[in-house]
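Chain letters run A, B, ... following the sequence lines, proteins first, then strands; residues in each count from 1. Computed from heavy atoms alone, side chains included, the values below leave out hydrogens, waters and symmetry copies.
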Amino acid sequence: MDLRFTAEEIAFRDEVRAFFRSEIPQAIRDKVSAGRHLSKQDIVTSQRILHARGWAVPHWPVQWGGQNWTPVQRYIFNTEMQSEAVPPPLPFGAQMVGPVLYTFGNAAQQQRFLPRIAAIEDWWCQGFSEPGSGSDLASLRTRAVRDGDRYVVDGQKTWTTLAQYADWIFALVRTDPLAKKQEGISFLLIDMRSPGITVCPIVTIDGGREVNEVFFDSVRVPVENLVGQENKGWDYAKFLLGNERSGIARIGVTKERLRRVKRLALETPDGDGVLWDDPAFRKQVAEVEIELKALELTQLRVVAADSKRASGKPDPASSILKIKGSELQQAATELLLRIAGPYAAPFMPEPENDDALSNAWPVGPDWAAPIAPQYFNTRKVSIYGGSNEIQRNIIAKAILGL
Amino acid sequence: MDLRFTAEEIAFRDEVRAFFRSEIPQAIRDKVSAGRHLSKQDIVTSQRILHARGWAVPHWPVQWGGQNWTPVQRYIFNTEMQSEAVPPPLPFGAQMVGPVLYTFGNAAQQQRFLPRIAAIEDWWCQGFSEPGSGSDLASLRTRAVRDGDRYVVDGQKTWTTLAQYADWIFALVRTDPLAKKQEGISFLLIDMRSPGITVCPIVTIDGGREVNEVFFDSVRVPVENLVGQENKGWDYAKFLLGNERSGIARIGVTKERLRRVKRLALETPDGDGVLWDDPAFRKQVAEVEIELKALELTQLRVVAADSKRASGKPDPASSILKIKGSELQQAATELLLRIAGPYAAPFMPEPENDDALSNAWPVGPDWAAPIAPQYFNTRKVSIYGGSNEIQRNIIAKAILGL
Amino acid sequence: MDFDLSGEQTLLQDSIGRLIADHYGDFARRAEYARQPDGFSAELWAKFAELGLLGLPFAEADGGSGGGAVETMIVMEALGRGLVLEPYFASIVLGGGFIRTAGHPLIARVIDGSARLALAHAERQSRYHLHDVAATARPDGSGWVLDGEKSLVLHGDSATHYIVSARSGGGRREAAGLMLFVIEANSAGVSRRGYATQDGLRAAEVSLQGARVTGDAWLGSAALLDAVIDTAIAAQCAEAVGAMAALQALTVDYLKQRRQFGAAIGSFQVLQHRAVDMLIAVEQARSMAMYAAMMANDPDPAARRAAVAAAKVQVNRSSRLVGQEAIQLHGGIAMTMEYQAGHYFKRLAMIETLFGDTEHHLAVVAAAL
Amino acid sequence: MDFDLSGEQTLLQDSIGRLIADHYGDFARRAEYARQPDGFSAELWAKFAELGLLGLPFAEADGGSGGGAVETMIVMEALGRGLVLEPYFASIVLGGGFIRTAGHPLIARVIDGSARLALAHAERQSRYHLHDVAATARPDGSGWVLDGEKSLVLHGDSATHYIVSARSGGGRREAAGLMLFVIEANSAGVSRRGYATQDGLRAAEVSLQGARVTGDAWLGSAALLDAVIDTAIAAQCAEAVGAMAALQALTVDYLKQRRQFGAAIGSFQVLQHRAVDMLIAVEQARSMAMYAAMMANDPDPAARRAAVAAAKVQVNRSSRLVGQEAIQLHGGIAMTMEYQAGHYFKRLAMIETLFGDTEHHLAVVAAAL
């Protein structure tokens with residue numbers, strides 16, 4: 001047992017870190033760090049730089065552009081990416097539909113879609129959640145009826161992140177209305193330019209427009225866009241949801257936020273000195289740092305165990321990572337909120353283009369405006385991807401046997 | 001609305017407080033404050049002093065020795081009693097079986113028992129819990145079979161506090177084994193000197209001998225000792241458990257402990273000064289003080305509302321008092337534990353008699369030895385009398401309608 | 001000890017409750033009000049005046065109704081329930097507190113709603129240090145010349161008058177030398193920049209550059225500031241209680257309606273217990289808001305301050321728990337601008353930062369133990 | 001990075017695990033051991049020696065097996081699971097740490113179990129200040145004369161030798177002037193008073209009055225003390241993890257067996273989620289105990305100290321949560337001396353107070369940020 005990184009792992013970390021710092025535009029990384037919204041172009045730019053280096057989809061099979069890294073290397077890569085405030089490759093392609101396609105898709109689908117996902121030539125979005133189905137995903141009601149060589153899709157998806165930019169959506173649809181809940185569901189790839197699709201924004205409490213409702217009104221989808229077998233979509237969805245958990249705790253994101261906490265507290269006046277001088281404040285930071293260090297090691301233990309597990313089955317311990325990871329992301333935003341103090345209050349809408357930003361006048365410190373929206377927005381991380389309550393149910397059953 | 005005590009209420013508080021301070025022996029109050037165990041004689045002495053003043057059972061009807069006080073007066077009396085570290089009148093008589101008898105007992109039972117309860121001429125204990133029935137009290141299995149003018153009782157009770165001193169026990173027994181859970185239960189008064197009763201101590205983790213198992217082996221109980229109607233005992237038990245909640249939060253106990261926290265922290269060396277100098281420590285105390293002040297006012301609001309409610313039905317809000325009250329009692333013992341620090345560790349068994357105590361040599365400060373046992377022992381307050389989980393179930397159902 | 005409202009207090013509660021229900025019962029109207037030029041409904045403000053609510057804290061001799069901290073608590077709680085945008089707190093509780101003690105001629109215009117006050121006190125460097133004032137007051141004949149930059153002036157963009165703190169002497173965080181003045185917002189040398197706040201209300205940055213006031217503009221010194229801020233904190237505690245009680249009720253309703261896995265989610269024990277903890281947090285906060293109201297005019301400033309700080313700690317903690325748990329128990333829907341829960345959450349988060357955060361007030365209580 | 005145990009480490013884990021299961025598997029035997037004269041089982045202590053466990057941290061050249069912090073972690077976790085009474089920690093980890101670095105001639109007797117060490121360091125006033133030592137070391141020819149009152153000496157009532165801290169110079173809480181000596185417990189001028197501790201272990205007050213040692217009794221100075229205490233804290237973190245993991249498993253078992261309201265109480269969702277939070281607390285503590293083991297011999301004392309302090313904070317917090325929740329989820333039965341859960345709870349509570357409580361170590365981490 002040696003919990004330290006090996007010399008090779010440290011060299012890898014340094015290589016990755018240096019690349020992120022020198023190659024990803026500082027302006028994009030600053031936006032991530034400040035909690036501002038990224039434009040579509042920011043995400044595309046960043047992913048294409050990674051793609052040029054062969055790092056957009058390192059966890060994929062080598063034949064589709066993967067890197068054959070060890071789990072520890074993947075962990076290092078993801079954590080450094082988060083820690084250096086690099087926008088991750090669009091997850092709906094790289095993390096979600098990509099692995100489903102190279103695992104369950106046919107050769108035509110793989111050849112058609114995988115290279116474009118890696119290079120972000122197509123923008124994908126996810127069509128799983130529906131208004132009536134939150135934690136109870138399998139209760140979904142969007143239906144697809146076979147009509148010759150087409151499916152006709154009717155229904156509604158919700159919480160569809162960045163659907164406003166999307167070229168494609170992968171969707172769970174009900175193809176057998178008589179089957180039991182999970183058994184009549186299929187996994188379809190749908191062109192977002194198809195007639196009958198409407199995208200409506202959902203404005204979130206932070207003022208952001210990240211998520212959308214997507215309506216399907218007699219949308220015709222070629223049967224060749226069915227992934228795997230009809231009525232087996234639930235299996236692929238479970239695979240997708242359990243896949244690639246090594247980034248789930250988002251350790252790097254919280255690390256980056258905590259560095260920011262210290263930096264901002266050092267420049268925030270408080271009495272005769274700065275907020276960082278206050279031992280009570282530093283103890284609050286220390287509490288989060290300690291839990292984060294513990295979680296990082298817990299995550300590495302899961303990563304190490306993962307490399308010895310039969311693939312495909314997610315480790316239920318990853319639910320621990322989700323719970324603590326989301327709590328710590330939230331705790332870091334609460335520290336930022338505390339630093340901003342009274343200057344959390346002013347609402348400064350984000351301008352549409354980056355030039356306008358530099359002309360905006362701040363109230364209080366120029367970093368303060370996105371702090372409260374980030375705090376508000378980050379409440380979602382304990383809700384999405386299986387709420388923390390669902391995660392606790394999973395652990396109780398799968399680990400404790402209760 | 002005026003949340004201040006009236007001049008009359010303040011005068012009453014001062015009168016009560018002065019009486020406690022001048023009349024209840026300091027040695028007894030010191031033992032309560034230090035968290036040491038009281039002897040039987042301590043409890044009897046204290047209750048007889050109160051009885052002589054007419055204050056042993058002030059909440060009873062006037063004809064049985066009550067004082068016809070307002071709810072606020074009762075609150076003041078109880079809180080001052082706790083706050084001045086006065087042992088309360090033995091609750092199994094004064095709070096539990098007494099009110100059952102004057103409400104549901106017959107005249108003979110009332111005349112026979114009530115005066116002796118008030119004067120603590122009989123020592124009562126409670127026979128409700130059984131090994132198999134914790135939170136699920138109604139699942140009890142001790143049975144009483146009618147045999148002429150006697151019941152024959154067989155079974156086992158547990159967690160019976162101070163049964164080792166008891167003259168009488170009031171017990172729930174199953175008289176109709178075929179009836180549904182709650183419907184075949186009767187409420188019996190049983191002489192502890194009856195043949196067939198065995199009392200076995202349960203030593204608790206603090207080393208104390210407060211609770212016992214009580215075994216009944218063909219114990220013959222005269223039918224005249226049945227309270228109310230046969231098979232209606234569950235109603236009387238519910239009345240008993242819901243009765244007289246004004247002391248349930250034990251505000252005064254926590255107040256007294258927090259005064260002790262400050263006193264001891266002022267004399268505990270820490271670096272160049274004392275522990276009380278440490279702002280972080282004082283903030284921890286302040287957190288408990290604030291919650292206690294809030295709970296005191298919440299309790300007074302319940303008291304005020306109680307005086308307008310139909311009697312007999314406990315206010316489900318008293319479950320809030322139980323939850324927060326027990327948490328704060330526990331929080332105060334954790335502060336004491338923190339003060340004791342390394343000197344929490346030495347185990348100094350309590351001598352049987354008070355003279356031996358003064359000859360014991362302490363390790364570290366002389367107040368330290370009972371601190372850890374008190375911390376251990378106080379874990380029980382969130383378990384007994386309906387665990388905090390049961391209380392939350394009650395609130396969810398009765399207040400929130402969930 | 002008496003927890004009952006008097007007959008008049010009950011009438012007040014009913015009347016403000018009805019007014020808010022009429023105007024804010026349909027939550028969509030809040031966004032409409034926010035789009036009006038001043039960021040609130042001029043019509044509703046006129047109703048406030050009409051019903052005499054704007055005269056609440058002023059003496060009857062001055063045309064007010066002589067209400068005390070309990071009356072303010074009743075109104076503020078109702079405003080909290082409704083997430084009300086109108087500047088009652090800024091103009092009547094906060095601003096009014098400064099001119100009330102002075103028996104000021106402006107009172108009549110405040111009561112009829114034509115004058116609206118705002119406190120221009122905080123500065124960029126001051127954070128939660130109440131006496132940290134760099135703005136200066138220079139004697140000028142029988143009057144004063146004011147210079148300084150004031151920040152985060154609640155409803156400062158539509159106020160007709162500012163209550164301004166400035167320093168005629170003393171060190172930067174000293175009480176000595178602090179003075180309070182009233183000045184018209186459109187005076188020469190006064191300028192402002194208005195903006196929205198995260199909770200949908202309005203504020204402004206206010207700049208004073210050689211702004212002149214006459215001698216009778218002087219309202220008091222640091223002791224007045226301290227007293228008004230304590231009553232303001234007590235009032236905001238009540239507002240927070242109103243908001244969190246409404247949010248808690250909204251959450252319980254949602255738990256009863258929303259179905260998942262074939263059952264109302266309120267049937268899941270974990271969610272039940274967490275709803276109970278929200279309720280307990282609300283009740284504890286309510287108790288402390290009452291305590292703050294009771295102590296807000298205590299003759300002993302140290303006792304008043306410790307009590308108000310204790311209330312603020314409890315109310316802040318309860319606000320955070322209730323706000324965050326309401327979001328979590330609702331799930332995604334509470335993250336949307338369209339649904340009311342998120343707006344309560346945001347308002348509660350902003351109240352937490354006003355006049356000192358939890359740690360600040362906890363330190364005050366700890367120091368006073 | 002490698003989380004696997006080596007083959008030898010796995011053997012060690014199996015062997016200590018079996019030993020503890022054999023002797024402590026029947027929990028009633030623990031009380032028997034406690035009643036033996038030294039407060040533990042002499043027979044089991046001999047087994048420890050026989051299996052070579054007492055030589056674990058010593059160099060192979062000295063007859064030990066050259067184990068490091070990971071091996072110590074493996075053993076201590078097993079001792080924690082068993083709530084073991086024998087003085088492995090006091091004599092081998094803590095005491096051994098002082099003579100190990102010195103390559104001391106006593107090592108052979110420590111390894112064969114005939115010598116048992118105890119650290120006589122804490123004093124009445126010192127609380128958690130590690131360098132707060134008032135005991136004095138006065139030069140006396142080529143040796144030293146020691147005077148002072150040592151308190152809370154773990155297993156001090158049965159130790160054959162004490163490691164004693166004393167001051168030959170410097171102020172009361174200064175590192176400079178601190179010296180460590182080894183002295184036989186039955187030397188002239190050394191006396192002791194033994195007693196039980198809350199967790200069923202033993203300790204002593206030790207008095208030094210003109211006790212003489214020769215020059216070769218000197219072991220080192222403050223830096224040695226600091227280093228040994230950090231490794232000791234790391235070892236106790238592992239012990240706590242063993243205890244809390246066992247307690248967590250015991251609680252889950254109880255939830256499965258205990259029936260109320262016609263169902264196993266483990267079917268109630270609220271209890272399930274709280275059992276999950278216990279598990280998470282154990283896993284987080286385990287991670288930090290591993291981290292402490294990894295950093296316990298770090299060449300940079302400041303990094304070592306910050307890491308060990310961070311581990312102690314996490315382990316203490318997890319200990320408290322797991323201990324209290326285990327009692328609550330069990331209900332009354334866990335309050336009884338007869339049942340094992342309460343003993344875990346008490347041992348965890350006592351470990352929390354050793355070598356600094358949570359607040360103490362949190363301050364260390366905060367200062368190092």
Side-chain angles (χ1 to χ4, degrees), chain B residues 1-6 8-10 70-73 75-76 258 261-262 265 276 278-305 307-308 317 319-321 323-324 327 388-389 391-397 399-402, chain C residues 1-6 9 68 70-71 73-74 248-249 251-253 255-256 264-269 271-281 283-291 293-295 306-307 309-315 317-318 358-359 361-369:
Chain B
M1 182 159 86
D2 185 349
L3 309 190
R4 271 166 280 229
F5 287 128
T6 62
E8 293 75 24
E9 287 162 346
I10 288 171
T70 65
V72 172
Q73 282 180 302
Y75 171 80
I76 290 171
L258 289 179
V261 161
K262 178 169 179 180
W276 187 250
D278 175 6
F281 179 77
R282 281 170 75 161
K283 279 186 190 172
Q284 289 187 326
V285 180
E287 288 180 325
V288 182
E289 289 271 12
I290 291 165
E291 287 213 75
L292 184 66
K293 172 52 78 181
L295 188 63
E296 183 172 22
L297 287 156
T298 303
Q299 161 122 17
L300 284 162
R301 287 164 52 208
V302 172
V303 164
S307 57
K308 285 172 216 142
S319 291
I320 295 177
L321 307 179
I323 292 169
K324 288 305 287 185
E327 288 175 358
N388 284 8
E389 290 71 37
Q391 304 298 337
R392 284 190 171 85
N393 287 348
I394 292 171
I395 296 170
K397 191 172 167 191
I399 302 182
L400 301 182
L402 291 172
Chain C
M1 175 162 295
D2 174 16
F3 286 84
D4 290 336
L5 298 183
S6 68
Q9 288 167 340
V70 171
E71 284 74 16
M73 180 181 82
I74 291 167
Q248 182 262 330
T251 305
V252 170
D253 283 348
L255 292 177
K256 290 176 183 171
I265 61 174
S267 67
F268 295 114
Q269 196 189 23
L271 305 190
Q272 289 179 353
H273 280 210
R274 285 166 62 179
V276 166
D277 288 338
M278 288 173 70
L279 175 76
I280 293 175
E283 293 306 327
Q284 291 282 85
R286 184 187 301 285
S287 290
M288 288 307 268
M290 294 167 98
Y291 180 58
M294 177 173 86
M295 295 293 288
K312 177 78 170 157
V313 170
Q314 178 69 56
V315 169
R317 293 238 160 122
S318 293
T358 309
E359 280 288 331
H361 287 286
L362 185 60
V364 170
V365 177
L369 281 182

Participant: Find the one option among Leu400(B), Ile395(B), Thr70(B) whose heavy-atom pairs under 4.5 Å with chain C are most numerous.
Facilitator: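 Of Leu400(B), Ile395(B), Thr70(B), Leu400(B) has the most heavy-atom pairs under 4.5 Å with chain C.
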Participant: For the residue pair Ala281(C) and Ser318(C), what are the closest heavy atoms and their distance?
Facilitator: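 For Ala281(C) versus Ser318(C), the nearest heavy atoms are O-OG, 2.8 Å.
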Participant: Please determine whether a side-chain nitrogen of the Lys or Arg among Glu389(B) and Arg392(B) lies less than 4.0 Å from a carboxylate oxygen of the Asp or Glu.
Facilitator: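 No.
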Participant: For Lys262(B), which atoms come within 4.5 Å of any heavy atom of chain C: side chain, backbone, both, or neither?
Facilitator: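 Interface part for Lys262(B): side chain.
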Participant: Between Gln272(C) and chain B, with a heavy-atom cut-off of 4.5 Å, which part of the residue counts as in contact: side chain, backbone, both or neither?
Facilitator: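 Both parts, backbone and side chain.
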Participant: Between Arg286(C) and chain B, which part of the residue has a heavy atom less than 4.5 Å away: side chain, backbone, both or neither?
Facilitator: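 Its backbone and side chain both get close to chain B.
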Participant: Between Ile10(B) and Arg4(B), is any pair of side-chain heavy atoms under 4.5 Å apart?
Facilitator: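 Counting from C-beta outward, Ile10(B) and Arg4(B) never come under 4.5 Å.
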Participant: What residue in Gln269(C), Arg317(C), Gln248(C), Gln9(C) has the most heavy-atom pairs under 4.5 Å with chain B?
Facilitator: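 The answer is Arg317(C).
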Participant: Select one option (side chain, backbone, both, neither) describing which atoms of Glu291(B) are under 4.5 Å from chain C's heavy atoms.
Facilitator: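 Answer is both: backbone and side chain atoms of Glu291(B) are under 4.5 Å from chain C.
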Participant: Measuring heavy-atom distances to chain C, does Glu296(B) have an atom under 4.5 Å in its side chain, in its backbone, in both, or in neither?
Facilitator: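 For Glu296(B), neither part sits under 4.5 Å from chain C.
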Participant: Heavy atoms only: give me the nearest Ala367(C)-Arg282(B) pair and the separation to one decimal.
Facilitator: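 Shortest heavy-atom contact: O-NH2, 3.2 Å.
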Participant: What option among Asn393(B), Val285(B), Val72(B) has the most heavy-atom pairs under 4.5 Å with chain C?
Facilitator: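 Top option by heavy-atom pairs under 4.5 Å: Asn393(B).
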Participant: Let me confirm one number: the CD-CD1 distance from Glu327(B) to Ile280(C), rounded to the nearest 0.5 Å.
Facilitator: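 Interatomic distance, Glu327(B) CD to Ile280(C) CD1, rounded to 0.5 Å: 7.0 Å.
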Participant: Where on Met73(C) is there a heavy atom nearer than 4.5 Å to chain B: the side chain, the backbone, both, or neither?
Facilitator: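 Contact with chain B is through the side chain of Met73(C) alone.
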Participant: If I take atom CZ from residue Phe268(C) and atom NE2 from residue His273(C), how far apart are they, to the nearest 0.5 angstrom?
Facilitator: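 Reported to 0.5 Å precision, the distance equals 14.5 Å.
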Participant: Examine whether an atom of Lys324(B) lies under 4.5 Å from a heavy atom of chain C, and if so say whether it belongs to the side chain, the backbone or both; otherwise answer neither.
Facilitator: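 The answer is the side chain of Lys324(B).
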Participant: With a 4.5 angstrom heavy-atom cut-off, could you sort out which part of Leu369(C) is near chain B: side chain, backbone, both or neither?
Facilitator: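 Interface part for Leu369(C): both.
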Participant: Checking side-chain contact (heavy atoms from CB on, under 4.5 Å) for the pair Val364(C)/Val313(C): CA distance, chi angles, key distance, verdict?
Facilitator: CA-CA 10 Å; Val364(C) 170; Val313(C) 170; over 6 Å; no
Participant: Is Tyr291(C) close to Gln314(C) at the side-chain level, that is, under 4.5 Å between some pair of heavy atoms?
Facilitator: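 Contact flag for Gln314(C)/Tyr291(C) side chains = no.
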Participant: Any side-chain heavy atom of Val302(B) within less than 4.5 Å of one from Tyr75(B)?
Facilitator: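 Sidechains of Tyr75(B) and Val302(B): no contact.
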Participant: Quick one: which of Glu289(B), Arg301(B), Glu287(B), Lys293(B) has the most heavy-atom pairs under 4.5 Å with chain C, could you say?
Facilitator: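 With the most close heavy-atom pairs to chain C, the winner is Arg301(B).
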Participant: Which bit of Ala249(C) comes within less than 4.5 Å of chain B, counting heavy atoms only: side chain, backbone, both or neither?
Facilitator: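 Ala249(C) has no heavy atom closer than 4.5 Å to chain B.
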Participant: Quick check on the interface: out of Ile320(B), Leu300(B), Ile323(B), who has the most heavy-atom pairs with chain C under 4.5 Å?
Facilitator: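 Of the options given, most contacts go to Leu300(B).
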Participant: What part of Leu258(B) is in contact with chain C, defined as an atom under 4.5 angstrom from a non-hydrogen atom: side chain, backbone, both or neither?
Facilitator: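 Neither part.
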